[in-house]
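The block underneath contains the structure these notes are about, expressed in structure tokens.
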Amino acid sequence: MPAQFKPPQKPSTGIEKTGNRPPKKRVIIIDDHPLVRERLAQLINHEPDMEICGEAENAEEALRITRATSPDLAIVDISLKNSNGLEVIKAIKTHDEKLPVLVLTMHEESLYAERAMRAGATGYITKHQSVEEILLAIRQVLGGKIYLSEQLTNAYLKSISTGGRAPRPGVSALTDRELEVFSMIGRGLAKRDIATALELGVATVNTHCARIKEKLNLRSGSELQHLAFRWVREQER
């Protein structure tokens with residue numbers, strides 16, 4: 001996690017002395033990196049109007065803790081242990097459609113932001129941003145507003161102006177499930193392990209792989225593995 005996640009030092013506002021402070025907004029962090037969760041929790045708990053009510057590293061934990069704590073906001077990473085943040089967002093929204101979700105991730109907006117918003121997120125920000133910008137995104141989503149970067153907003157407007165007819169190149173052409181399978185291949189999981197993690201049949205995973213190869217113009221499984229591995233490494237930089 002970038003060093004800017006260190007909570008900023010700031011003078012007391014005097015709010016704590018009034019005795020009339022409203023209840024703190026409760027936030028759950030869903031991220032598979034313990035250090036990320038620790039630093040983000042420090043940042044949020046340092047604020048007078050927010051607190052962490054739970055942490056999770058995978059989909060199962062995320063849903064269990066969300067149901068148990070009834071948070072005001074879920075902060076979700078895209079890449080999770082043996083699962084995908086997009087599917088977690090969909091599951092959270094199925095459980096509580098009113099719960100706002102902010103995606104905080106290393107993945108660039110160009111590939112995942114639109115997918116995250118379609119899944120039910122109301123904000124998307126990368127971990128490269130400053131503490132101030134991350135807190136702004138958190139408060140904006142907590143306040144019932146949508147948070148997107150200026151670059152992504154402009155991309156949406158451009159897409160609308162062209163009727164959304166522009167072809168989707170490369171990995172962007174994959175469906176959410178195909179992208180999830182592609183990512184898991186890149187992390188070294190075998191097809192049987194992918195099937196188990198996603199609760200799918202091996203034949204279904206094979207079908208997804210065939211469609212991925214077709215869309216990416218790949219001739220063999222080894223080419224798919226090589227490209228997926230390289231893509232995952234680039235995403236983690």
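Just the heavy atoms: all of them, side chains too, but no hydrogens, waters or symmetry mates, feed the values below.
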Quick one: does [X]'s side chain get under 4.5 Å of [Y]'s, heavy atoms only?
X	Y	answer
Ile65	Glu55	no
Pro71	Val27	no
Val181	Met184	no
Leu43	Arg39	no
Leu104	Leu40	yes
Arg139	Tyr147	no
Met106	Thr126	no
Val103	Tyr112	no

Rounded to the nearest 0.5 Å, how far does [atom2] of [Y] lie from [atom1] of [X]?
X	Y	atom1	atom2	result
Glu180	Arg177	CD	CZ	4.5 Å
Glu133	Ile125	CD	CD1	5.0 Å
Gln140	Leu135	CD	CG	12.5 Å
Ile194	Lys191	CD1	NZ	8.5 Å
Arg230	Leu227	CZ	CG	5.5 Å
Ile44	Ile134	CD1	CD1	9.5 Å

Are any side-chain N or O atoms of [X] and backbone N or O atoms of [Y], one a donor and one an acceptor, separated by less than 3.5 Å?
X	Y	answer
Asn45	Ala41	yes
Glu223	Arg219	yes
Thr196	Arg192	yes
Thr66	Ala62	yes

Shortest non-hydrogen separation from [X] to [Y] and the atoms involved:
X	Y	value
Cys53	Thr69	O-CG2, 3.5 Å
Leu224	Cys209	CD2-CB, 4.1 Å
Leu174	Arg115	O-NH2, 2.7 Å
Glu47	Lys24	O-NZ, 4.3 Å
Val141	Pro100	CG1-CB, 3.6 Å

| task | With Ile30 as reference, evaluate Leu80, Val101, Ile75 under the side-chain contact (heavy atoms from CB on, under 4.5 Å) test and give the passing residue. | result | Leu80
| field | Arg26 and its side-chain contact (heavy atoms from CB on, under 4.5 Å) partner, picked from Ile52, Asp72, Leu73 | value | Asp72
| For the hydrophobic clusters of this structure (ILVMFWY residues joined by side-chain heavy atoms under 4.5 Å, transitively), does one cluster hold both Leu111 and Phe229? | no
| said: For residues Tyr124 and Ile146: do they belong to one hydrophobic cluster (side chain heavy atoms under 4.5 Å, members Ile, Leu, Val, Met, Phe, Trp, Tyr)? | reply: yes
| query | Quick one: do Lys127 and Asp31 make a salt bridge, cutoff under 4.0 Å? | reply | yes
| message | Quick test of your reading of the model: are Arg37 and Asp32 salt-bridged, counting only N-O distances below 4.0 Å? | response | no
| field | Check against salt bridge (charged side-chain N to carboxylate O under 4.0 Å, His left out), Glu178 and Lys215 | value | CA-CA 10 Å; Glu178 289 165 356; Lys215 290 181 178 180; 2.8 Å; yes
| message | Around atom CD of Glu60, are there more than 12 heavy atoms from other residues, nucleotides or ligands closer than 6.0 Å? | response | no
| request: Count the heavy atoms of every other residue, nucleotide or ligand shown that sit under 6.0 Å from NZ of Lys93, and state whether that count exceeds 12. | output: yes
| query | Are Arg67 and Asp96 close enough, and set up right, to give a salt bridge (charged side-chain N to carboxylate O under 4.0 Å, His left out), and what steps lead you there? | reply | CA-CA 9 Å; Arg67 294 188 181 104; Asp96 183 358; over 6 Å; no
| task | State whether a side-chain donor-acceptor pair under 3.5 Å links Ser183 with Arg187. | result | yes
| Residues His107 and Ser79: side-chain donor-acceptor under 3.5 angstrom | yes
Donor-acceptor contacts, no H, no angles, side chain residues 84-92, under 3.5 Å, sequence neighbours left out:
unit_1	atom_1	unit_2	atom_2	d
Asn84	OD1	Leu86	N	2.7
Glu87	OE2	Lys90	NZ	3.4
Lys90	NZ	Asp176	OD2	3.4

